[in-house]
Amino acid sequence: MILRVIEVEAYMDVDDGASHSRNGATPRNQVMFGPAGHLYVYFVYGMHHCMNVVTESTGRGCAVLIRALEPMNHHSWLAQRRPKARNNDQLCNGPAKCCAALSVSLNENGLDLTGTEMWLEDRNERPLIESGPRIGIRHSKALPWRFWVAGHRGVSR
DNA sequence: AGCAAGATGGAC
DNA sequence: TCCATCTTGCTC
């Protein structure tokens, strides 16, 4: 199965009041402080999961939230896990939808993304990227650290 | 030990 | 616009 990453948000270790790492390592966010290239999954609003890719060096506490994906194949498999989706654009057009569609939960927290189960590839595509404020946060609202493929239908909201 | 808020999604 | 739903982490 192949999915394009079409929307993300960056969360930093310093001067970022919206980052889960803002107050240091805790049981929930400890994966953020581990080595880059691992999956940080958290549970929110009593019902949803969201996933991040840990970045920067060990001990920092930086990650990139996966907000939307464009499934390139296996749409029906994903749709089974996203029964509310009315078309392929709605399969993974939100951070919790990405986790639901791919069955990513806390079981996958800490998953090594340099392994064989799930990984990232640079396919040398360089679409136009736009950026703006992050969504759903209370602090550090001004930081333009949400990035998305310009004009893509699968981008959230 | 108690409590408020949360990196959302879906229904109304 | 509003609510479901529950864990986390801060505060007392």
Side-chain angles (χ1 to χ4, degrees), chain A residues 3-71 74-113 118-120 129-150 152-157:
Chain A
L3 305 102
R4 274 197 186 109
V5 179
I6 57 173
E7 181 188 1
V8 299
E9 282 177 2
Y11 287 88
M12 288 289 286
D13 53 345
V14 292
D15 296 328
D16 186 356
S19 176
H20 285 181
S21 63
R22 63 187 177 278
N23 291 326
T26 65
R28 177 173 73 150
N29 67 16
Q30 61 172 324
V31 171
M32 278 186 89
F33 292 84
H38 286 242
L39 197 67
Y40 166 48
V41 182
Y42 65 91
F43 183 62
V44 272
Y45 298 119
M47 62 189 82
H48 300 302
H49 294 275
C50 296
M51 61 174 151
N52 302 252
V53 177
V54 177
T55 61
E56 309 307 323
S57 51
T58 299
R60 286 281 301 274
C62 303
V64 170
L65 172 71
I66 305 296
R67 284 199 61 92
L69 300 165
E70 179 190 359
H74 295 276
H75 297 101
S76 61
W77 188 93
L78 296 164
Q80 286 179 2
R81 288 150 191 79
R82 288 274 309 128
K84 305 283 172 59
R86 299 212 251 165
N87 57 57
N88 289 342
D89 292 333
Q90 297 174 5
L91 254 21
C92 300
N93 64 336
K97 296 174 186 176
C98 291
C99 284
L102 294 169
S103 290
V104 168
S105 67
L106 290 178
N107 291 331
E108 283 70 43
N109 189 30
L111 181 72
D112 183 358
L113 294 174
M118 186 185 303
W119 65 91
L120 295 160
I129 303 296
E130 293 177 334
S131 68
R134 296 172 293 182
I135 292 178
I137 56 171
R138 169 166 300 212
H139 304 288
S140 305
K141 282 184 167 177
L143 296 171
W145 289 350
R146 173 178 174 234
F147 303 90
W148 64 91
V149 175
H152 200 293
R153 296 189 311 271
V155 167
S156 65
R157 314 264 226 196

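Numbered from 1 within each chain, the chains take letters A, B, ... in sequence-line order.
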- Message: Quiz question: by atom type and distance under 3.5 Å, do the side chains of A:Trp148 and A:Glu130 form a donor-acceptor pair?
- Response: yes
- Message: Ignoring hydrogens, what is the shortest heavy-atom contact between A:Asn93 and A:Asp89? Give both atom names and the distance.
- Response: CB-O, 3.3 Å
- Query: Given side chains that start at C-beta, do those of A:Cys98 and A:Met51 come closer than 4.5 Å, heavy atoms only?
  - Reply: yes
- Query: Separation of A:Met32 atom CE from C:dG9 atom P, in whole Å?
  - Reply: 12 Å
- Should A:Val53 and A:Val8 count as side-chain neighbours, where that means a heavy-atom distance under 4.5 Å? no
- Side-chain donor/acceptor of A:Arg134 to backbone N/O of A:Ala10, under 3.5 Å: yes
- How close or far is atom C1' of B:dG6 from atom CZ of A:Arg138, stated in whole angstroms? 9 Å
- Taking atom C1' of B:dA5 as reference, at what distance in whole Å does atom NE2 of A:His139 sit? 9 Å
- Query: Which part of the nucleic acid, if any, lies within reach of A:Arg134 when heavy atoms closer than 4.0 Å are counted: base, sugar-phosphate only, or nothing?
  - Reply: nothing
- Message: Please give me every residue in residues 4-27 of chain A whose heavy atoms get under 4.0 Å of an atom in DNA chain C, ordered by residue number.
- Response: A:Asn23, A:Thr26, A:Pro27
- State the CG-OG distance between A:Asp16 and A:Ser21, to the nearest 0.5 angstrom. 7.0 Å
- Item | Beyond-backbone contact of A:Met32 with A:Asn52, side-chain heavy atoms, under 4.5 angstrom | no
Could you pull out every donor-acceptor pair under 3.5 Å between side chains of residues 36-44 of chain A and any protein atom, sequence neighbours left out?
residue, atom, partner, partner atom, Å
A:His38, ND1, A:Gly110, O, 3.1
A:Tyr40, OH, A:His20, ND1, 2.8

- Message: Can you measure A:Asn29 atom CG to C:dT7 atom P for me and round it to whole angstrom units?
- Response: 17 Å
- Query: Distance between the P atoms of C:dT11 and B:dA7, in whole angstroms?
  - Reply: 16 Å
- Taking A:Tyr11 as the fixed residue, which of A:Ile137, A:Leu143, A:Val64 is the one that meets the side chain to side chain contact (heavy atoms under 4.5 Å, CB included) rule? A:Ile137
- When rounded to whole Å, the CZ to C1' distance for the pair A:Arg28 and B:dA7 reads 9 Å
Could you go over nucleotides 8-12 of chain B and give all protein N or O partners under 3.5 Å, atom names and distances?
residue, atom, partner, partner atom, Å
B:dT8, OP2, A:Tyr45, OH, 3.4
B:dT8, OP2, A:Gly136, O, 3.3
B:dT8, O2, A:His48, NE2, 2.8
B:dG9, OP1, A:Pro95, N, 3.3
B:dG9, OP1, A:Ala96, N, 2.9
B:dG9, OP1, A:Lys97, N, 3.1
B:dG9, O4', A:His48, NE2, 3.2
B:dG10, OP1, A:Arg82, NH1, 2.6

- Considering residues at least two apart in sequence or located in another chain, which fulfil the side-chain contact (heavy atoms from CB on, under 4.5 Å) criterion with A:Ser105? A:His49, A:Asn107, A:Glu108
- With sequence neighbours excluded, tell me which residues meet side chain to side chain donor-acceptor pair (under 3.5 Å) with A:Ser156. A:Glu7, A:Arg67
- Anything below 3.5 Å on both distances counts as a pair; with that, list the stems of at least three consecutive Watson-Crick or G-U pairs involving DNA chain B. B:1-6 with C:6-11, B:8-11 with C:1-4
